[in-house]
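So you know, we letter chains A, B, ... as the sequences are listed, proteins then strands, and number each from 1.
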Amino acid sequence: MRILWFVLSPLMALAVGLFFLGLSRRFMARIQWRVGPPLYQPLIDILRQFTQKSVSHGPLFDLGVVLSLASSFIVVLFMPLGGTAPLSSSGGLLAVLYLMLLGPLGIALSGGEAANPNVSIGISRKLILAVGYEVPFLMIVLALMTYYGTISIGEIVAAQRESASAIASFPLVFSGIAYLLILPAMLGVRPFEVVGAAQEISSGPAAEYGGPYLALATIQHGLTMFIGISLFVNLLWGGASNPVVFFLKMLVVFAFGFWVNAAFPRLRVEQAVRYLWRWPTLIAFVGLILVATIGR
Amino acid sequence: MSLGLLLIVAFGGSLLTYLLGKVSARTRDAFAVLISLALVVMVASLYGKAFRVPFYGGFLGMPLVLRIDGLSWLFAIAASVLGCLSVVFSLGYMKGKERTSFYYSMLLLVIAAMLGVVLSGDLLSLFIFWEIMSWSTFLLISYNGGPALAAGMKYFVMSFVGSLAMLAGVLTLHGSFGTLEFTGVAAGMSSASPGYVLAILVLFGVAFGTKNAIWPFHAWLPPAHSEAPSPFSAVLSGILIKMGVYGFLLLMFVIVGLRTFLSLGVGRIEFHTVLSIIGAITILLPTFIAIFQNDAKRLLAWSTVAQAGYIILGISFGTSLSVAGGMFHFLNHAVFKALLFMVVGAVEYRTNGVRDLDSLGGLIKRMPVTFIVAVIGVCGLIGVPLTNGFVSKWLIYKTLILERSPFLAFAALFGTWGTILYSYKFLHNIFLGQLPQRYEDMERAPFTMLLPMTILSVVVVLFGVLPGIPLAVIDTIGVSFGFESLHVTPWGIASDTGALNTVNMLVAALVGLVVVWCVFRSGARSVSVGQADSYAAGAAVPRDKYQYSVRFYAPLRRMMAPYLKDFVDSFYMRLAGWVRGLGDGLRRIYTGYVGDYVMYILVFLAVLIFVQIAWSPW
Amino acid sequence: MVSPVLLLAVPLGLALCVPLVGRVSRRAAGFVPVIASLFNLVVSIRLLPTVLEEPIVANLGGFPPPFGITLFAGPVGMLLSALIALAGLVVSLYALSYIKTGPTVRYHTLYMLLLVGATGVVLTGDVFNLFVFFEILCISSYALVAYVGDRAGIEASVKYLIQGALGSALLLIGIGLLYGLFGTLNMADIAARIDSVDSVPVFVAMALIVVGLGVEAAIFPLNAWLPDAHSSAPSSISAILSGIAIQVGLYAVVRMVFTVFGASSVLLFFVFLGLLTLLIGELCAFAQNNIKRMLAYSSIGQMGLIMFALAIATTGSVTGGLFQMVSHTLSKALLFLAVGYMVYRSGSLEISSLEGMGRRMPLTSFAFTIGVFSLVGLPPFIGFPSKLLIVRSALAEQGVLLQVLIGLVLLATVIEGAYFFRVIQTVYFKKEEGQEARQDAPPMALLSMFVFVAFIVVIGVYPNLITDVLESGASELLERANYIGSVLG
Amino acid sequence: MDRNQLMKWIKAPTKMAHKYSLNAVYFCTGCGVIEVPPTITSRWDAERFGVVPTATARQANLFLITGYVSVKTLRAIIRTYEQMPEPKYTVGFGSCTINGGMYWDSYNTINQLDKYIPIDGYIAGCMPRPEAIFVAVTHLWTLIDKDMADGYKRYRKNYAAYRANQEMILGEMEWPPIFQTEVATAITEREG
C-alpha cells in the first residue's frame with residue numbers, strides 16, 4: 001500500500017495542483033465578470049512551454065529548477081493525503097519545514113545564475129516575505145507539535161481523528177485562525193503577490209524562464225499551492241480518511257484563499273511583513289502561550 | 001601512543017617550523033603540512049582509548065596530568081583535522097605574504113594549544129594551555145594590521161577577562177578540594193553546596209562563554225573573525241571557539257555532573273534554563289545582524305555567533321537528544337563554517353583581498369568548484385536535509401518540542417530562516433548575478449585550496465547521509481555523561497515519537513531528481529547564452545551596472561535595522577572609553593609640579609598620624 | 001666559609017677602583033661592574049643553601065649584637081642580593097655597549113655604588129645602616145637619572161632629589177625617634193622590645209619610617225617622582241631603578257613593618273594601599289603614549305601588586321609577593337633594556353614611533369614580547385606562576401573582602417594586558433610605509449636581554465626551582481621570633 | 001475553434017498547444033496599445049482563448065507590435081523579439097506597422113516593420129478595434145495549422161539581411177549577432 005502511495009501521491013499532487021491553477025484563473029475570471037479560460041488551460045500552457053526553445057544560463061540554471069520541483073514532490077511524500085504518508089518516519093514535520101524551503105531555494109539558485117536583477121529582487125522579496133510569514137507559521141506548527149506531543153504529521157492527524165479537529169478545539173483555534181490569515185502569503189497570491197509581480201519586476205524569479213524552465217516553475221507553483229493547502233487540512237482540519245474527502249476539504253480552503261486574492265489589492269513587501277508580524281503573529285502567539293501553559 | 005609525545009610533536013613542530021622558515025620556505029611548508037598530518041594520525045590512533053598520564057610533577061605543588069577519553073578525542077580529532085586542512089589551505093593563501101614563518105608557526109602553536117586544552121586532565125594544565133591558545137590567537141588575529149589591530153585588542157581583552165575569571169575559579173576549587181584533577185574535583189563537587197557550584201559555574205562560564213562568543217560576550221568575535229587571515233578564520237570559527245563548548249561540556253557533565261547541573265538554580269530559576277535562554281538570544285540577535293552585513297567574512301562571523309547559540313542551547317538544555325544534537329552541531333559547524341571561510345579565502349585570494357559583498361558577483365563562471373563547495377557548505381549551515389546540519393538541528397528541535405519548550409524551539413527554528421536569508425545573500429552576492437568586467441580573466445582557485453574545501457564538503461554530505469557515524473561516537477560520550485543511549489542507526493535515530501531516516505530521504509531525493517530531470521530533458525533543448533543575453537526590457541544589458549546586490553534586503557533593513565543595534569558591543573566600547581578617560585584623569589594627579597608632590601608626602605604622613613591619634617584604628 | 005660581608009666590601013672596594021681603572025682605559029672601567037656583580041652573584045648563590053638552613057649573622061667590628069653593626073643574611077636577603085647581582089650583571093653587560101657617550105667612568109662608579117647600596121639595604125640588620133645604605137642607593141640614583149644631561153633628565157633628577165631627600169629626612173627622624181625610645185638601633189633588639197604599635201610615639205616613628213621609605217618604594221601617593229625619573233634616565237638605569245631600587249625600598253618597608261614593628265594591625269591598610277597603587281599605576285599607564293613612562297607607571301602598578309600580596313601576610317601570599325618581586329625584576333628590566341635600543345633606533349619615546357620595529361629589530365622585539373607576556377602573567381613565563389601564587393593564596397583566605405579585592409587585582413591585570421598588547425601590536429603589526437633596513441641591537445645588548453629571557457622562560461616552566469628559597473623567605477619575614485632569636489642568640 | 005476536439009490534440013499536440021496558449025509580450029510600442037486593455041479585461045476577455053499578456057519576452061510566444069515604431073523603439077523591439085523563445089509569432093497592429101501610416105514621412109519613424117523583423121500578419125486600420133485582434137488571432141491559428149506562421153524560421157534563414165537592415169537604420173548595435181550566419185543557414189536547411 002505504501003509503495004502505491006509513493007507513486008500516487010505525487011501524481012495526485014500534480015493533478016490537483018494543476019487543477020487548482022486552472023481553477024484559480026477561472027475563479028478570478030468569474031469574480032471579474034469574465035468567462036475565463038478552460039480549466040485545463042494550465043495543461044495547454046505547460047505543453048506549449050515544453051516545446052519552446054529557451055535559453056540556458058548555465059548548469060545551475062537547469063539544476064536549480066529541477067531541484068526545486070523535485071523537492072516539492074518530496075514534500076508531498078511527507079503528506080498523508082487521506083491515507084498514510086509514504087515517508088512518515090523520516091523526520092516528520094521538522095523535515096517538511098526544511099524541505100519546503102528547498103523549492104524557493106532551488107528557484108533562487110537557478111535564477112541567480114541568470115544574472116538578472118529582476119530575478120534578484122524577486123528572490124530578495126520572496127525571502128523577506130518568507131521571514132514574514134514564517135514567524136506566525138512556526139508558532140502555529142510549534143503549538144500543534146507541542147499540543148499533540150509529536151513531530152509526525154501522521155500522528156497529529158490521527159490524534160485529531162480521535163477527538164475534534166484542531167481548528168475546532170479550544171487553544172488551537174487561535175492557531176487555525178492565524179493560519180487562515182497567513183494562507184494567502186504562503187500561497188503567494190494577492191495581497192502578498194510581491195514576489196512574482198509581473199508588471200513591476202517582470203515576474204521576478206521567473207523573469208529569465210522560458211520554455212521547459214517555465215513549465216517546471218509553473219508546476220512547482222501548483223505544487224506549492226497544493227502543499228500549503230494540504231498542510232492546513234492535515235494539521236488543523238483533521239486530515240481525511242480517504243483522498244476524496246481530503247480533496248473536498250482542500251477545495252474549501254482554496255476557495256477562501258482565492259476569494260482573498262480577488263478581493264484585495266497588492267501590498268508592498270514591507271507592508272506585507274508588517275501585517276504578518278502584527279495580527280497573525282499576535283494570534284498565533286496567544287495560541288502558543290495557551291498551549292504551552294494549559295497544554296492538552 | 002603517549003599523550004606527552006603528541007604534545008611534544010605539536011609544540012616542537014611549531015617551533016621547528018619557525019626555525020626552518022629561516023632556512024627555506026619550501027621545506028618549512030612541507031614540514032608544517034607534515035607535522036599537522038602527523039598530529040591527525042596520532043590523534044586518530046587514540047580512538048576509543050581512555051587513560052591518564054601525569055606529565056609534570058608539581059607546578060607550585062599542583063601536579064599536571066594529561067588524559068584522553070571520548071569527549072577529548074572528539075574535540076582533538078576535529079582540531080587536528082581542521083588544523084591540517086587549514087595549513088594546506090594556507091600554502092596557497094599565504095604565498096607571497098610577509099612573515100609567513102611566523103604565521104605557520106603560530107598556526108601550529110594554536111593547534112598544539114588546542115590539543116593541549118582538550119587533552120588536559122586537570123584544570124591547571126587546562127588553564128595553561130588555554131592561555132597559550134589565547135595569546136597565540138591574539139598574535140594571529142592581529143597579523144593583518146590595519147583594522148585587525150582593534151579586532152585583536154578586543155579579542156585579547158575579552159578573552160583575558162574570561163581566562164582570569166577561570167583562573168579565579170580554578171584556584172577556588174584548588175583551595176576547596178586540594179586537587180585539580182577532574183576526577184578529584186568532580187568527587188568534591190558532588191558534596192559541595194549549590195551556591196558554591198553555581199559560583200564556580202558562573203566563573204568558568206564567563207571564560208567558556210567568552211571563547212564560545214555567547215551573548216553578551218560575543219563582541220570580540222565579528223571583528224576578530226573578519227580581520228584574521230582566512231585560513232585562520234576557518235580554524236578560529238571552526239574549532240577554536242568550540243573550546244568553549246568543550247569547557248562547558250567538561251564543566252557541566254564531567255565536573256559538576258548531570259544531575260547536579262540540572263537541579264541547580266536560584267529559587268525557581270534554573271541555571272540550565274537561563275543558559276538555554278541565553279543560547280536562544282545568541283541565535284536570534286546575531287542571525288538578524290548577519291543579514292545586513294556587507295563584508296563576507298563579517299557575515300560569516302555573525303553567523304558563527306548564531307550557530308554557537310544552537311550549540312549552547314543544545315548542551316545546556318540537558319536532555320540526551322539535545323546534548324547529542326549540541327555536540328553534533330559543534331562538529332558540523334566546525335566542518336561547514338571552516339569550509340565557508342575557506343571559500344571566502346579563495347575568493348579573496350583571486351580577487352586580491354576583495355570580500356565586500358557589494359562589489360563581487362558572477363564568480364560561478366570563474367570558480368565553479370568553489371561555488372559547488374560553497375553551496376554544500378551553505379546547505380549544511382541552513383540545515384538542508386541530507387547535509388549534516390539538518391541532523392544536528394533536527395535533534396535539538398525535536399527535543400525542545402517534545403520537552404514542551406516551544407519558545408526555545410521557536411528561536412531555534414526562526415533562526416534557521418534568518419540563516420537562509422544571509423546564506424543566500426552570501427552565495428548570491430559572491431557567485432551569482434553578473435560577473436564584473438574586472439574579473440573576467442580570473443583563474444580558478446589553486447589545488448591546495450580546492451583540496452581542503454572538497455574534503456570538507458564531502459564530510460558535510462557524508463555526515464548528512466550517514467549521521468550514524470559521528471552519532472555513534474557522540475552517543476558513547478553522552479552515555480558516559482549519564483544520559484540514556486539514543487538508538488543510533490547508521491542513517492539516523494530510531495524512536496517512537498518521530499524517527500529520522502536519511503536513507504528514505506536520499507532515495508526519495510534521488511528518484512525525484514532523476515524523474516524531474518528526465519521530464520525536463522524531454523522538453524525542447526535550450527541554447528546556452530552568456531550573461532549579456534538577459535532580459536532588460538528590450539535594452540542591451542549595460543556592463544557592470546546590471547546587478548542587484550547592494551542592500552540586498554533593503555525593505556527588511558528599513559524595518560528591522562533600528563532594533564538590531566549591537567548594544568552590548570557599544571556598551572563595551574563605551575566602557576573602554578571610560579577606563580581610558582579615568583586613566584587620563586588619574587594621570588593628572590601627577591601635576592609635574594614638585595611642590596604638589598612634596599605636599600602629597602607630607603599630607604599622607606599627617607593624615608596617617610592624625611587618624612591614629614584621633615581614632616586609633618590600628 | 002664565605003662571609004656576607006664580602007658582598008658589600010668587594011663591590012665597594014671595586015667601585016672606588018673604577019676611577020683609577022678609568023684613567024688607564026675608559027673601556028676597561030665598564031668591566032669592573034661586571035666583575036663585581038659576577039662576584040656578588042657567585043657568592044650569593046654559594047651562600048643560599050647555607051642560608052636556607054640557618055641565617056648567617058655577621059657582626060662587624062666584633063661586637064655582639066645589639067651593640068655592633070650587624071649584617072643579617074637570611075633567605076630573603078640572599079635572594080634579593082642574588083637578584084640584585086644578577087640584574088646588575090646583566091645590565092652592566094648591556095651598558096658596555098649602551099653607555100658610550102658622556103662621563104662613562106662616573107657612570108660605572110655610581111652604578112656600582114647603587115648596587116652596593118641596594119645590597120646593603122637588603123643585608124643590614126641595623127636601622128641606621130639601613131638609612132646609610134639607603135642614602136647611597138638614592139644619591140647614586142639621583143645622579144644617574146641626570147646622566148644624559150638633557151633638560152628632562154635634570155628636571156626629573158631634581159624632582160627626585162627633592163622628594164627623596166624629604167623621604168630620607170623623614171626616615172632619619174623616624175629612626176631618631178626609635179633610638180630615643182629604645183636606645184638601640186639593632187632591628188632585632190628594637191623588635192624584641194616593641195610590645196605593640198598602639199602607643200602613639202611608636203606609631204609616629206613607624207609612620208615616619210614607612211613614609212620615608214615609601215617614597216622610594218613607590219607607594220601611592222608618595223611615588224610622584226617615579227614616572228619622571230624612570231622615563232628620563234638612560235634605559236640601563238631605568239632597568240635597575242625599576243627592577244631593583246624600588247623593590248629594595250619596598251623590601252625595607254616590609255622589613256620594618258613586619259619584623260621591627262610587628263604591626264599586624266596595619267596590614268589591612270597596606271592591602272588597600274597596595275591595591276590603590278596597583279589600580280592607579282595601571283590606569284595611568286593605560287593612558288600613556290610615551291613608552292618609557294608607560295613602563296614606569298606599570299612599575300608602580302607592580303609595586304602595588306607586590307605590596308598587596310605581602311600585606312596579606314600568609315605564607316603563600318608572601319611567597320607570591322617575593323616571587324612577583326623576582327618576576328618583576330627580570331621582566332621589567334628586560335623591557336627597559338629592549339625599549340632602550342628600540343627608542344635609540346627610532347629616536348622617539350612615542351609608542352607610535354615603534355611601528356615596524358618587529359621588522360627592523362626582530363630579536364629585540366622578540367625579547368620585548370617575552371617580557372610583556374611575562375609581566376602580564378601569561379604562561380609559560382615567569383609572571384604566570386608568581387601571579388598564580390598571589391591569587392591562589394588570596395583566594396585560599398576565607399572572607400568575601402579578599403575575594404572582591406582579588407577581583408580588582410585581576411581587573412588591573414586586564415588593563416595591564418590591554419596597554420602592553422597594544423604596544424606589541426604596534427611593534428609587529430602596524431604597517432609602515434618605508435621599509436627601513438634591519439638593524440638589531442648590538443650583540444652584547446642582545447646577550448644581556450636573552451639572559452633575562454632564559455631566566456624568564458626557565459623559571460616560568462620550572463617555578464619549583466626557586467620556590468624553596470621563596471618559602472623560607474616568607475617564613476623569615478613572617479616569624480619575628482625566629483629573627484630576633486637568631487640575631488640576639 | 002477546435003480546442004475541444006480530442007483527436008486533433010492527439011494528432012498534433014504541439015501545434016494545438018501553441019495555438020491555444022498565445023502569451024503576448026506586454027510591450028506598448030505606440031498608441032495602439034490602448035486597445036489591449038479592453039481586449040484582455042472583462043469586456044472582451046481574450047483569456048477565453050488562452051491569450052494573455054506575460055511579463056517578459058522569455059515567457060511569450062506572441063509579439064503584438066501595437067502602433068507606430070520609432071527608431072528608438074525599434075531597437076527594443078528587435079531585442080525583445082530575439083529574446084523570445086521559438087516558436088514565436090509576430091502581429092503588426094495598425095497601419096503604421098505596414099507603411100508608416102500617418103507618420104509615413106516622419107524623420108524618426110520607420111515605415112515598413114518587416115524589413116527589420118519578420119511579421120506573420122498585420123491588422124490594418126487606425127485604430128483597429130479589439131474585435132480585429134480576435135480576427136487576427138483566429139487567422140494566426142489558421143496559419144499555425146498550415147505551418148505558415150514561420151516568421152521565426154525566416155528570421156533565422158535571412159538573418160544576415162535582417163541584421164544589415166537593422167544596422168542600416170540603427171547604426172552600431174549594442175549586442176552581437178544572435179546567429180552565426182552560416183550556422184543559421186545550416187540549421188535552417190537541416191530543419192527544412
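Using cut-offs of 30° and 60° on the angle between ring planes, the pair A/F61 and A/Y209 is tilted. Between A/F285 and B/F407, the ring-plane angle classifies as perpendicular under the 30° and 60° cut-offs. Below 30°, between 30° and 60°, or above 60°: for B/W517 and B/F520 the angle between ring planes is between 30° and 60°, a tilted geometry.
Taking chain B as the reference chain and counting heavy-atom pairs below 4.5 Å, the highest number among A/I121, A/N118, A/V141, A/V65 is found for A/I121. Contact count against chain B (heavy-atom pairs under 4.5 Å) is highest for A/E208 among A/E208, A/M145, A/M139. Looking only at heavy-atom pairs under 4.5 Å with chain B, the residue among A/S71, A/G58, A/G112 that has the most is A/G112. In terms of non-hydrogen atom pairs under 4.5 Å with chain A, the most contact-rich of B/G433, B/G523, B/S534 is B/S534. Considering only heavy-atom pairs separated by less than 4.5 Å from chain B, the leading option among A/L63, A/L67, A/L109 is A/L109. For the options B/G418, B/G383, B/G362, B/A537, heavy-atom pairs under 4.5 Å to chain A are most numerous at B/G383. Comparing A/P212, A/A70, A/S124, A/A114 by heavy-atom pairs within less than 4.5 Å of chain B, the highest count is held by A/S124. In terms of non-hydrogen atom pairs under 4.5 Å with chain A, the most contact-rich of B/A409, B/P385, B/G512 is B/P385.
For B/K425, no part lies under 4.5 angstrom from a heavy atom of chain A. Heavy atoms of A/I74 lying under 4.5 Å from chain B belong exclusively to its side chain. Proximity to chain B (any heavy atom under 4.5 Å) is shown, for A/I219, by neither the backbone nor the side chain. Only the side chain of A/I123 comes within less than 4.5 Å of a heavy atom in chain B; its backbone stays farther off. The contact between A/R274 and chain B is made by backbone and side chain atoms together, counting heavy-atom distances below 4.5 Å. At a 4.5 Å heavy-atom cutoff, the contact between A/Q52 and chain B is made by backbone atoms alone. Of the atoms belonging to B/F371, it is side-chain heavy atoms, and not backbone ones, that fall under 4.5 Å from chain A. Looking at B/L427, the atoms closer than 4.5 Å to chain A (heavy atoms on both sides) all sit in the side chain, from C-beta outward. With a 4.5 angstrom heavy-atom cutoff, B/Q547 touches chain A only via backbone atoms. Looking at B/L556, the atoms closer than 4.5 Å to chain A (heavy atoms on both sides) sit in the backbone and in the side chain alike. With a 4.5 Å cut-off on non-hydrogen atoms, A/T146 touches chain B through its backbone and its side chain both. Both the backbone and the side chain of B/V519 have a heavy atom closer than 4.5 Å to some heavy atom of chain A. Heavy-atom distances place the side chain of B/Y424, and not its backbone, under 4.5 Å from chain A. Interface remark: A/A108 contributes backbone and side-chain atoms alike to the contact with chain B (heavy atom separation under 4.5 Å).
Among residues two or more places apart in sequence or in another chain, the side chain to side chain donor-acceptor pair (under 3.5 Å) test is passed with A/R125 by A/E200. B/T319 meets the side chain to side chain donor-acceptor pair (under 3.5 Å) test with B/S322, B/T399; sequence neighbours excluded.
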Could you go through the side chain to side chain donor-acceptor pair (under 3.5 Å) check for A/D62 and A/Y213 one step at a time? CA-CA 8 Å; A/D62 305 3; A/Y213 302 92; 2.7 Å; yes
Go through the steps for B/Y439 and B/L360 under the test side chain to side chain contact (heavy atoms under 4.5 Å, CB included), then give the verdict. CA-CA 9 Å; B/Y439 298 136; B/L360 291 166; 3.9 Å; yes
Given the rule in the side chain to side chain contact (heavy atoms under 4.5 Å, CB included) test, do A/T218 and A/D45 qualify, once you have shown the distances and angles that lead to the verdict? CA-CA 9 Å; A/T218 312; A/D45 284 350; over 6 Å; no
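A ring-centre distance under 6.0 Å is found for A/F192 and A/Y275.
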N/O donor to acceptor pairs below 3.5 angstrom from side-chain atoms of residues 93-106 of chain A, sequence neighbours left out:
residue: A/Y98; atom: OH; partner: B/I382; partner atom: O; Å: 3.4
residue: A/Y98; atom: OH; partner: B/Y397; partner atom: OH; Å: 2.8
residue: A/Y98; atom: OH; partner: B/T416; partner atom: OG1; Å: 3.3

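Electrostatic pairing of B/E440 and B/K365 does not count as a salt bridge here, judged by no charged N lying under 4.0 Å from a carboxylate O.
Contact of the B/N429 side chain with the B/N294 side chain is not registered, since no non-hydrogen atoms from C-beta on lie closer than 4.5 Å. Considering only heavy atoms from C-beta on, B/F292 stays 4.5 Å or farther from B/Y422 through its side chain. Put simply, the side chain of A/M79 does not reach to within 4.5 Å of the side chain of A/S9, judged on heavy atoms.
Close approach to chain B, defined as a heavy atom under 4.5 Å from one of its heavy atoms, is seen in A/V131, A/E134, A/V135, A/L138 of residues 129-138 of chain A, taken by number.
Just one residue in the list A/I289, A/L282, A/V286 forms a side chain to side chain contact (heavy atoms under 4.5 Å, CB included) with A/F174, and that residue is A/V286.
Residues B/W394 and A/I151 share a closest heavy-atom pair of CZ2-CD1, 3.5 Å. Between B/Y546 and B/A536, the shortest heavy-atom distance links the atoms OH-CA, 3.1 Å.
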